[in-house]
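Working notes, structure below.
Here is how names work: the chains are called A, B, and so on, in the same order as the sequence lines, proteins then strands, and each is numbered from 1.
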Amino acid sequence: MTPLQLFDTYERKVRAFEPLTAGRVGMYACGPTVYNFAHIGNLRTYLFEDILRRVLEFNGYEVHHVMNITDVGHLTSDADSGEDKMELGSKRTGMTAWEMADYYSEAFIADLERLNILMPDVWCKATDHIDEQIAFVEDLETKGYTYRTNDGIYFDSQKLNGYGHLARLDVEGLRQGARVQPGERRFVTDFALWKFSPPGEQRQMEWQSPWGIGFPGWHIECSAMSAKYLGDFFDIHCGGEDHIPIHHTNEIAQTEASRGTRLANFWMHGYFLQVGDAKMAKSDGEFLRLKTVIEKGFDASSYRYFCMTAHYRTQMSFSWDSLQATNTALQRLYQLAYDWGEPGEIASGMLGRFADHINDDLNIPRAIAVIWDMVKADINKADKKATLLEMDKVLGLGFADWRPQEREVPADVMALVEQREQARQSRDFTRADSLRAEVAALGFQIEDTREGPKVTG
RNA sequence: GGCUGGGUGGCAGAGUGGUCAUGCAGCGGUCUGCAACACCGUUUACGCCGGUUCGAUUCCGACCCCAGCCUCCA
């Protein structure tokens, strides 16, 4: 088996993965901001992270998986700052920010469960770690990386050598191309560590700090919480591609300034799902949820499989037709695997090829191609089944538990089926075909097999 | 506008300096009373223009288009 290789955004190359501590992997995944439901594009990223985790476990590592929940927003009491997500969400739903955070956190976790995504070992909420964040900012202040403006404490990105290396930022170009007035910020790439509550306003979420009442900036929660649960330098930090230039760049800046590390040994990013010509933007109001996919008659596992047909590091196009196409393939595979019966011995050649591909920077599309090779290969069914079940530890499609849909066939339908079979036996095919059409109109399909007619719903 | 990444057959999507991705769809066939299922076979590709090379979809350059970020979006 080829040793595991992963692409590291920081170094911009695929390199051998070696855990910092033998046998153990610390993995931090940027979680959701809980102001709305997750859309299927969000979920693609969590599917990528799930595959990453399963591949690490397949390689024998014990994974310590941490995911944050961003439940802090800029909450103001009036409509002026309509940009704020938590505020808008609270207004839209009629819930308090706290209620809304719980509501959408639960909905998010339910989606992950439906997709058979393994749960993190630690869920950490930003609001449960205010003290850690304040301590982190205090440390940065002591080390001289902060300055104060009228609305908050900011990180002085120019004090740091190599700010923006993760994203290969052209800092001077950013300065010239800035579309927003910097205000009291000294430089475009500076960002808030702590924001003050505006005078005279009561926020739903605000806390006491050495700098006054306010709330933490967005980036600080990940630096503070990952340090708490995984240490100052851990194995893998992952998230969506959109985080590369801002969020992860700033996390690295904070941690570099405070702890002297680049936070994680590997930085990994899942790429966007495209729907039609546009990306999925929650701000557009309309976005596609897993719920919608299920309501259209697909299983969550079909969406899981769909995502696995593309490499995590390429943008992928979603359409109902392409989901339908992968669904057809997956249902075929389920039925085939079911018909293979009880598992025998693992076919090591096939499993080896599969493992080589997953270890080659999670090349799941190639790994799945090996499965289709195996379908056609001259290997006995029991061994194919055993091999597939082993592969499914990574794929997570649930081949062991899949059963053909057995819908209760009503007695009147069964009667028609029997009448048709009699008509067939007496070679009255005209009558047989019209009875088949009748049964179809009632929502059941008849397939003639050697064992007689098979009725499916 | 700047920076970062990408453009592959009807669709989705791998990969490679010179023989195959794979799946779905299509087409032909086996099976079937006809179908369905299954199985066998099979067509179509590498954005555009140059360059390097014996040979480029693959390497290099320009151009066009798409995406991300510069607006606390996975």
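For the segment residues 115-128 of chain A, no residue has any heavy atom less than 4.0 angstrom from an atom of RNA chain B.
For A:Thr328, the listed nucleotide lying nearest its side chain is B:rA25; candidates were B:rG23, B:rA25, B:rA14. Among the nucleotides B:rA35, B:rC40, B:rG13, the one closest to the side chain of A:Pro365 is B:rG13. Here the nucleotide nearest the side chain of A:Glu241, chosen from B:rA67, B:rA74, B:rC24, is B:rA67. Set against B:rG33, B:rG68, B:rG13, the side chain of A:Arg420 has B:rG33 as its closest nucleotide. The side chain of A:Leu273 lies closest to B:rA74, out of B:rA74, B:rA35, B:rU22. Looking at the side chain of A:Asp242, the nearest of the listed nucleotides B:rG23, B:rA74, B:rA35 is B:rA74. Between B:rG13, B:rA74, B:rG23, one nucleotide has an atom nearer to the side chain of A:Ala310 than all others, and that is B:rG13.
Of the nucleotides present, B:rG61 is the one that pairs with B:rC49 by Watson-Crick or G-U wobble criteria, both distances under 3.5 Å. Under the Watson-Crick or G-U wobble criterion, with both distances below 3.5 Å, B:rC34 has no partner in any strand shown.
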Pair A:Asp361-A:Arg313, salt bridge (Lys or Arg N to Asp or Glu O under 4.0 Å): steps then yes or no: CA-CA 9 Å; A:Asp361 192 31; A:Arg313 220 144 40 71; 2.8 Å; yes
CA sep, side-chain torsions, deciding dist, call: A:Lys384, A:Asp339, salt bridge (Lys or Arg N to Asp or Glu O under 4.0 Å): CA-CA 11 Å; A:Lys384 285 183 180 177; A:Asp339 293 340; over 6 Å; no
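Taking side-chain N and O atoms only, A:Arg313 has no distance below 4.0 Å to OP1 or OP2 of B:rA67. Between A:Lys376 and B:rG23, a side-chain N or O to OP1/OP2 separation shorter than 4.0 Å is present. Taking side-chain N and O atoms only, A:Arg424 has no distance below 4.0 Å to OP1 or OP2 of B:rU32.
Between A:Trp211 and A:Trp194, the ring-plane angle classifies as tilted under the 30° and 60° cut-offs.
To the nearest 0.5 Å, atom CG of residue A:Leu330 and atom CG of residue A:Leu397 are 6.0 Å apart.
Taking for each of A:Arg168 and A:Thr326 the nucleotide of RNA chain B with the nearest heavy atom, the 5'-most of the two is the partner of A:Arg168.
The residue A:Arg353 sits apart from the nucleic acid: no heavy atom pair falls under 4.0 Å. Looking at heavy-atom distances under 4.0 Å, A:Asp448 makes contact with a base. Residue contacts for A:Ala369: at a heavy-atom cut-off of 4.0 Å it reaches a base atom on one of the strands shown. Within the 4.0 angstrom heavy-atom criterion, no nucleotide atom of any strand lies near A:His219. At the heavy-atom level, A:Thr314 lies under 4.0 Å from the strands shown only through sugar-phosphate atoms.
To the nearest angstrom, C1' of B:rC11 lies 11 Å from CE of A:Met316.
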